[in-house]
There are 2 protein chains.
Amino acid sequence: MPKRVDHAERRTQIAEALVRVAGRRGLHAVGMRDVAAEAGVSLRLVQYYFETKEKLLLYGLEHLAARFGERVAARAGSAGAAAGPRATAESLLLASLPTDEESRTFHLVYTSYAVLSVTEPALAAQPFLQRPGAAEDALTDLLRQAQAAGLTRPGLDARTEAITLLALAAGLGTSILVGHRTPDAATTVLRHQLDRAFEREGRD
Amino acid sequence: MPKRVDHAERRTQIAEALVRVAGRRGLHAVGMRDVAAEAGVSLRLVQYYFETKEKLLLYGLEHLAARFGERVAARAGSAGAAAGPRATAESLLLASLPTDEESRTFHLVYTSYAVLSVTEPALAAQPFLQRPGAAEDALTDLLRQAQAAGLTRPGLDARTEAITLLALAAGLGTSILVGHRTPDAATTVLRHQLDRAFEREGRD
DNA sequence: AACAACGTGGTACGGTCGTATCACGAAAAT
DNA sequence: ATTTTCGTGATACGACCGTACCACGTTGTT
């Protein structure tokens with residue numbers, strides 16, 4: 001058995017096990033023993049690296065948010081600045097929709113955390129839940145660029161439109177999650193709203 | 001001690017106790033003993049009227065959805081058909097935002113149920129979560145009426161706009177709930193979207 | 001008047017959960 | 001080479017949870 005283990009790596013391994021089992025059985029149903037089994041380690045190990053369950057949950061959320069942030073940024077970046085602000089905004093918003101299994105898990109677990117944070121002060125204090133303003137700012141900037149280039153509907157308020165698009169994506173995401181709507185239908189609705197923001201005079 | 005008690009009334013009393021404590025401490029933290037204490041009855045009584053916890057939760061959701069449906073309908077109705085479709089749509093959507101304590105509790109508990117239903121098949125089978133199509137249909141009708149009266153933006157697709165508005169309201173509602181946004185800010189955004197749907201040609 | 005069914009309280013049981021304790025082997029330090 | 005620290009396992013403990021069981025008074029029925 002190797003000694004002098006990399007703590008950060010182990011914590012990540014365990015946190016990802018937490019996210020997996022939370023995505024499968026729901027965050028409310030995850031116990032320390034489940035996480036240990038999923039990660040392939042003993043219960044004692046989970047206790048060793050995260051002394052308490054609360055700390056495990058906190059770290060799990062932190063890790064989840066970071067991973068998803070990277071994912072969305074990667075997608076938005078791969079569309080590239082070359083493709084124009086409209087394409088960038090679209091891929092940013094679509095990347096946040098629970099279409100594949102990974103983003104579905106993210107949405108479910110993240111929403112679970114959000115709901116938990118309403119009644120659990122320790123979670124509410126975490127910055128990942130209280131400042132999703134990053135996405136809002138990024139999208140607002142994108143819209144302002146498009147506006148300066150004359151690509152947007154006249155009279156558009158960039159910040160309001162950004163808030164609208166993000167809230168819409170969040171609402172649609174939840175709809176998909178609970179099975180009210182298909183990913184395709186949600187995508188269509190989201191594109192429709194984008195079309196309206198980016199339509200130039202005289203079109204339509 | 002009175003015998004021959006009204007079962008329906010008792011069940012309602014207990015279900016409302018469930019909703020209250022769920023709104024206060026989170027649905028995940030609700031136990032039978034908590035519900036009993038909140039309702040002012042013994043644990044045995046809760047077991048007597050709802051044999052199992054699952055049945056209690058199911059009934060609680062049913063009751064919650066019914067009460068909120070009445071609330072929204074009452075608000076939309078009080079705006080009256082006289083005030084026009086725009087005002088009716090607005091009060092319908094604003095009534096679903098968690099502004100006061102009652103709707104805040106509703107949103108929190110309802111969202112908790114929604115999240116639970118993703119991983120709990122028994123809850124997902126409930127019709128209150130799987131068909132909120134009623135609101136969508138009602139709003140679509142409203143928009144079609146307005147469309148026929150020439151009150152809406154040209155080229156508007158009533159169903160898509162209804163879906164958009166409802167998803168937007170849901171997303172904004174969650175934002176309010178977790179403290180990202182104030183009710184006022186959310187109301188402004190929602191009104192803005194309504195303005196766009198109802199704007200006539202030549203204005204703007 | 002006797003009996004059956006309903007409503008209610010108290011309490012106990014089995015299980016699970018988060019956490020704590022004890023023990024031990026392997027690496028690092030001296 | 002010895003000692004100390006680190007990583008790991010197994011197991012125990014106390015609390016709580018949902019549920020089941022038992023007993024008793026009250027009300028309606030015959």
Side-chain angles (χ1 to χ4, degrees), chain A residues 1-22 24-61 109 112-113 116-117 119-123, chain B residues 1-22 24-61 109 112-113 116-117 119-123:
Chain A
M1 292 294 173
K3 285 307 150 76
R4 235 42 187 235
V5 161
D6 184 347
H7 272 222
E9 189 182 344
R10 268 254 209 264
R11 286 166 67 91
T12 297
Q13 171 195 355
I14 295 176
E16 292 193 343
L18 161 67
V19 171
R20 277 198 303 275
V21 55
R24 206 181 318 128
R25 303 218 292 268
L27 188 60
H28 69 283
V30 295
M32 308 252 109
R33 289 166 175 85
D34 304 287
V35 175
E38 176 75 23
V41 300
S42 74
L43 169 61
R44 181 67 182 86
L45 263 281
V46 180
Q47 282 189 260
Y48 184 71
Y49 291 104
F50 305 91
E51 277 141 60
T52 178
K53 186 185 185 182
E54 186 181 13
K55 290 179 184 171
L56 171 60
L57 288 177
L58 251 19
Y59 187 87
L61 172 58
V109 180
S112 302
Y113 270 113
L116 261 190
S117 76
T119 46
E120 228 91 6
L123 272 178
Chain B
M1 294 293 177
K3 285 307 151 77
R4 236 44 188 235
V5 161
D6 183 347
H7 272 222
E9 189 182 344
R10 266 273 204 241
R11 287 165 66 91
T12 297
Q13 170 196 356
I14 295 176
E16 292 194 343
L18 161 67
V19 171
R20 277 198 304 276
V21 55
R24 206 180 318 128
R25 303 217 293 268
L27 187 61
H28 69 284
V30 177
M32 308 252 111
R33 288 166 175 86
D34 304 288
V35 175
E38 176 75 23
V41 301
S42 73
L43 169 62
R44 181 66 182 87
L45 262 280
V46 179
Q47 283 189 260
Y48 185 71
Y49 290 104
F50 304 91
E51 278 142 58
T52 177
K53 186 186 185 182
E54 187 182 11
K55 289 179 185 171
L56 171 60
L57 287 177
L58 252 18
Y59 187 87
L61 172 58
V109 180
S112 302
Y113 270 114
L116 261 190
S117 76
T119 46
E120 229 91 7
L123 271 177

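Residue numbers start from 1 in every chain, and the chains themselves are labelled A, B, ... in the order their sequence lines are given, proteins ahead of strands. Only heavy atoms go into these numbers, but all of them, side chains included; no hydrogens, no water, no symmetry mates.
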Taking only the side-chain nitrogens and oxygens of Ser42(A), find out if one of them lies under 4.0 Å from OP1 or OP2 of dG9(D). yes
Next item on the list: Report yes if some heavy atom in the side chain of Arg10(A) is under 4.5 Å from a heavy atom in the side chain of Leu45(A); otherwise report no.
Entry: yes
Distance col, row Leu61(B):CG vs Leu56(B):CG, nearest 0.5 angstrom, shows 11.0 Å
With the side chain defined as heavy atoms from C-beta on, Leu43(A) is closest, among dA10(D), dG7(D), dT11(D), to dT11(D)
Interatomic distance, CD@Glu120(A) vs NE2@His28(B), rounded to 0.5 Å, equals 4.0 Å
- Task: Name the nucleic acid region contacted by Val35(A), choosing base, sugar-phosphate or nothing; use a 4.0 angstrom heavy-atom cut-off, strictly under.
- Result: nothing
Rounded to whole Å, the CZ-P distance (Phe50(B) to dT19(D)) equals 13 Å
Here the distance between atom C1' of dG18(D) and atom CE of Met32(B), to the nearest Å, is 7 Å
Between Arg33(A) and Leu45(A), the residue closer to the 5' end of DNA chain D by nearest nucleotide is Leu45(A)
* Looking only at side-chain N and O atoms, does Tyr49(B) come under 4.0 Å of OP1 or OP2 in dG7(C)? -> no
Exercise. Counting just side-chain N and O atoms, does His7(A) come under 4.0 Å of either OP1 or OP2 of dG7(D)?
Worked result: yes
Exercise. Verify the contact: side-chain N or O of Arg10(B) to OP1 or OP2 of dT8(C), cut-off strictly under 4.0 Å; return yes or no.
Key: yes
- prompt: Looking only at N and O atoms, is any donor in the side chain of Arg44(B) or the base of dT19(D) less than 3.5 Å from an acceptor on the other one?
  reply: no
query: So does Thr52(A) get a side-chain nitrogen or oxygen closer than 4.0 Å to the phosphate oxygens (OP1/OP2) of dT19(C)?
result: yes
Of Asp6(B) and Gln47(B), the one whose nearest nucleotide on DNA chain C sits closer to the 5' end is Asp6(B)
(request) Hey, can you tell me if His7(A) and Tyr48(A) have their rings parallel, tilted or perpendicular (30° and 60° cut-offs)? (result) perpendicular
To the nearest angstrom, the CD-P distance between Glu51(B) and dG7(C) comes to 13 Å
Rounding to 0.5 Å, atoms CG (Leu27(B)) and CG (Leu18(B)) come to a distance of 7.0 Å
### Query
Does a side-chain N or O from Tyr48(B) land closer than 4.0 Å to OP1 or OP2 of dT8(C), or not?
no
Rounded to whole Å, the NE2-P distance (His28(B) to dC16(D)) equals 15 Å
note: Lys53(B), atom NZ; dT16(C), atom C1'; distance rounded to Å ~ 13 Å
Q. Base, sugar-phosphate alone, or nothing: which one does Val46(B) contact when heavy atoms must sit under 4.0 Å apart?
A. nothing
Whole-Å distance, Arg11(B) CZ to dG7(C) C1', equals 15 Å
In whole angstroms, the gap separating C1' of dC16(D) from CZ of Arg25(B) amounts to 13 Å
